[in-house]
> 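There's a structure below that I have some questions on.
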Amino acid sequence: MSKSGAVNALSEEEARAELARLAELLTQANAAYHRDDAPEISDADYDAAKARNAEIEARFPALKRADSPSDVVGAAPADGFSKVTHVVRMLSLGNAFDPDDITEFDARIRKYLGFGPSAPLAYTAEPKIDGLSLSLRYEKGSLVQAATRGDGSVGENVTANARTITDIPTTLTDAPDVLEVRGEVYMSHADFDALNARQLEKGGKPFANPRNAAAGSLRQLDSEITRARPLRFFAYAWGDISAPLADSQSGAINKLARLGFQTNPLTELCDGPQQMLKHYAKIEQQRASLGYDIDGVVYKVDDLGLQQRLGFRSTTPRWAIAHKFPAELAWTTLEGIDIQVGRTGALSPVARLHPVTVGGVVVSNATLHNEDYIAGRDSKGAQIRDGKDIRVGDWVQVYRAGDVIPKIADVDMSKRPVGAQPYEFPLTCPDCGSDAIREEGDAVRRCTGGLICPAQAVEKLKYFVSRAAFDIEGLGAKQVEQFYLDGWIAEPADIFALQTRYGRGMQQLKNREGWGDKSADNLFAAIEEKRNIPLKRLIFSLGIRHVGEVAAADLARHFGTWPALADAIDTARSAAACHLQADAAEARERETAQREGRRARIKPVRDAQWVGLDQAAKSAWDDLTGIDGIGAAVAAALVTTFAQEAERASIDRLVDALNIEPDAAPAQAASPVSGKTVVFTGTLEKMTRAEAKARAEALGAKVSGSVSAKTDLLVAGPGAGSKAKKAADLGVETIDEDGWLALIESA
DNA sequence: TATCCTCGAGTTCC
DNA sequence: CTCGAGGATA
């Protein structure tokens, strides 16, 4: 950092020397930041240097250098890119790894469409480019926006950078008014090698692989740097669009080519799985000589009408699949096995590996899942790795599943060290020493220590401050862990007592390196801000088993307020007890039945579970389990958590410290169904269940999964069974799909 | 009862 | 990203 002598005291000679020094420092820092995504100096130092430079230039204008860092546009490590919400979500694809997966894919589609095994059904097959997806929006033929995929819903605006890519036209003739073109940005092998050579010449760090180079180049804040990088683009899909491009996938791709986009020359139309696999083999053969990285082949149903009928699952289209090439493999030694304890007490074994490069990344850890996985079995007891177990000291083969998560694929038995023993999975928690038990039929072994286990406590706290939970600025996983070790917080409620407990300014905090008055005040302000918390975030943050983001939102929507939820859970307590007893009775019945060689008689056992139960508990239980997506396991987890004294006290302390915002049903103009509880059953022909549910909720209705006395309306499609009968018994109004559509359209 | 689908939980490296 | 498991449905 610069000597911060007063600028006024500088001689002209000293000023000139310092300006030169600052110019070099800042240029280098820029390069390190942008080129390598690896800042060499901190943001604060960077800002200070820049300010000092400006100060000296203001005092000695004549000395301002031609390459003055103050003139470099967009060079400052700024706030990043603006966000873009995709009009049509950018989905990922399902994966296939062997020929069987492809024939199953075809069979699944035929079944869904009601096609026989010999009905004609064409697919396109094209190489899957290993780059990053980009969405280009054209309005009236002009490129107006380019966005990265991001999480699929929201990406980053990289328009300025996209404009520098020669494969991407900035204007189109004869295009629909609105046209969103999607494709892959990539870097060729030749360009990648040349870029890395240049990097090395300049003394910079080379990129690990073309994909990283392309990603790093597209995400430059200074688009002039992107311009200097030789990026390419293949178009293969489209999003928001005002007029169809064609009536088939292949026709649409041809249309994109005519509009001036690069499309992959290895795209081919296939008439079924055999041809698809043949094309896959052909592409795999050419893989090394293509000149760019690909990681598989993508198959899509060619007919766009059929694509529409097939539609989407939550994150992937039904009409496409990615057939991946086998992952890159590497051999290394297993140096040890550590056990991590998660928030739910799950003991997860992690492999400590001798560092090895796999797919351009150095890997030193790999997940081992659970004790069966180490022993060479999957959850159903079937053999994996031909039944070979994993022992410390083994020579093991590592790959990255989905090119991300390191896993162990194989063990070389010929190199097993003499005397290597099978791994003994711990039966007690390595952190607190409590028993670690594995429930019947469960894959994981869990620490029973609960709140007394430090590992669980810390993980729970980390979960509590995570992004989907309280998301307190300045209080991340690291800080929370440190505060826990310091004894400042033991449970979530303590976070909200920090300031009063330790005094404003919190001397202990300020004494720590990296913390000053300002950061302490900021932290307290951020904590205060989150004292107001939406109900669904609170429910999620409690970290109850089986209750994640979706279930938390469903519960919040159903009950509206914290007291309503807590009351229902408390009231249902005896019902949950009956349910759990019935579970145990069912397990006993199954066992006896098997021993006696007869079929288990489950129904009488289950029917007996409610005998002698009070009505209030039963109806609270039905209320909970009637919520779409909430079943017995989730309800039981809620009740059990609330019934445990220590845990409940901790929750109560937290709730007392908060101002919980009720979950308001979205403000809706009075629609014919607002406030009504609706159940869908049978086959819906004009919409998917998910659509029907979303639409109904948008109109202010509650959608439930089962018919009860609280149901206002049953929408029954063809094939409705027991629910329609129950509705008739209860006198619940029942209409068909057309009736429902007419009803909601009258709104 | 079997099957499909979605959600939850746990994981690595940058 | 993947796996296991819960929930809904045929």
> Side chain of A:Ala443 only, please: which of C:dG6, B:dC14, C:dG4 is the nearest?
C:dG4
> Between A:Lys324 and A:Asp101, is there a salt bridge with N-O shorter than 4.0 Å?
no
> Which whole-number value in Å describes the distance from A:Arg318 CZ to B:dT6 P?
7 Å
> Identify whether the distance between the nearest side-chain nitrogen and carboxylate oxygen of A:Lys128 and A:Glu184 falls below 4.0 Å.
no
> Taking the side chain of A:Val550 as its heavy atoms from C-beta onward, which of B:dT12, C:dG6, B:dG8 lies nearest to it?
B:dG8
> For residues 332-340 of chain A, tabulate all N or O donor-acceptor pairs below 3.5 Å that involve a side-chain atom, not counting sequence neighbours.
| residue | atom | partner | partner atom | Å |
| --- | --- | --- | --- | --- |
| A:Thr332 | OG1 | A:His354 | O | 2.7 |
| A:Glu335 | OE2 | A:His354 | ND1 | 3.1 |
| A:Asp338 | OD2 | A:Arg352 | NE | 2.8 |
| A:Asp338 | OD2 | A:Arg352 | NH2 | 3.4 |

> Aromatic rings A:Phe680 and A:Trp740: how do their planes relate, parallel, tilted or perpendicular, breaks at 30° and 60°?
perpendicular
> Return the value, rounded to whole Å, for the distance between atom OH of A:Tyr373 and atom C1' of B:dG10.
14 Å
> Salt-bridged, A:Arg385 to A:Asp410, with N to O below 4.0 Å?
no
> Any side-chain N or O of A:Asn365 below 4.0 angstrom from OP1/OP2 of B:dC13?
yes
> Which of these nucleotides, B:dA9, B:dG8, B:dC5, is closest to any side-chain atom of A:Arg343?
B:dA9
> Would you mind classifying the nucleic acid contact of A:Val634 as base, sugar-phosphate or nothing, using non-hydrogen atoms under 4.0 angstrom?
sugar-phosphate
> Select one nucleotide: of C:dG6, B:dA9, B:dC13, the one nearest the side-chain heavy atoms of A:Thr344.
B:dA9
> What integer distance in Å separates A:Leu353:CG from B:dT11:P?
15 Å
> Is any side-chain nitrogen or oxygen of A:Ser364 closer than 4.0 Å to OP1 or OP2 of B:dC13?
yes
> With A:Phe425, which residues qualify under ring-ring contact (aromatic ring centres under 6.0 Å, His included), at least two apart?
none
> Can you give me the N/O atom pairs linking the protein to nucleotides 1-3 of chain C at distances under 3.5 Å, or say none if there are none?
| residue | atom | partner | partner atom | Å |
| --- | --- | --- | --- | --- |
| C:dT2 | O3' | A:Lys407 | NZ | 3.1 |

> Could you give the CG-to-P distance, from A:Leu347 to C:dG4, as a whole number of Å?
17 Å
> Between A:Arg400 and A:Glu328, does any side-chain N to carboxylate O distance fall below 4.0 Å?
no
> At 4.0 Å (heavy atoms only), tell me whether A:Arg545 reaches a base, stays on the sugar-phosphate, or touches nothing.
sugar-phosphate
> With DNA chain B as reference, determine whether A:Ala346 or A:Arg108 sits nearer its 5' end, using the nearest nucleotide of each.
A:Arg108
> Please state whether the phosphate of B:dG10, meaning OP1 or OP2, lies under 4.0 angstrom from any side-chain nitrogen or oxygen of A:Gln340.
no
> Can you tell me the distance, in whole Å, between the CD atom of A:Glu586 and the P atom of B:dT1?
9 Å
> Does B:dT11 have OP1 or OP2 sitting under 4.0 Å from an N or O in the side chain of A:Arg400?
no
> Think A:Thr367 has a side-chain N or O under 4.0 angstrom from the OP1 or OP2 of B:dT12?
no
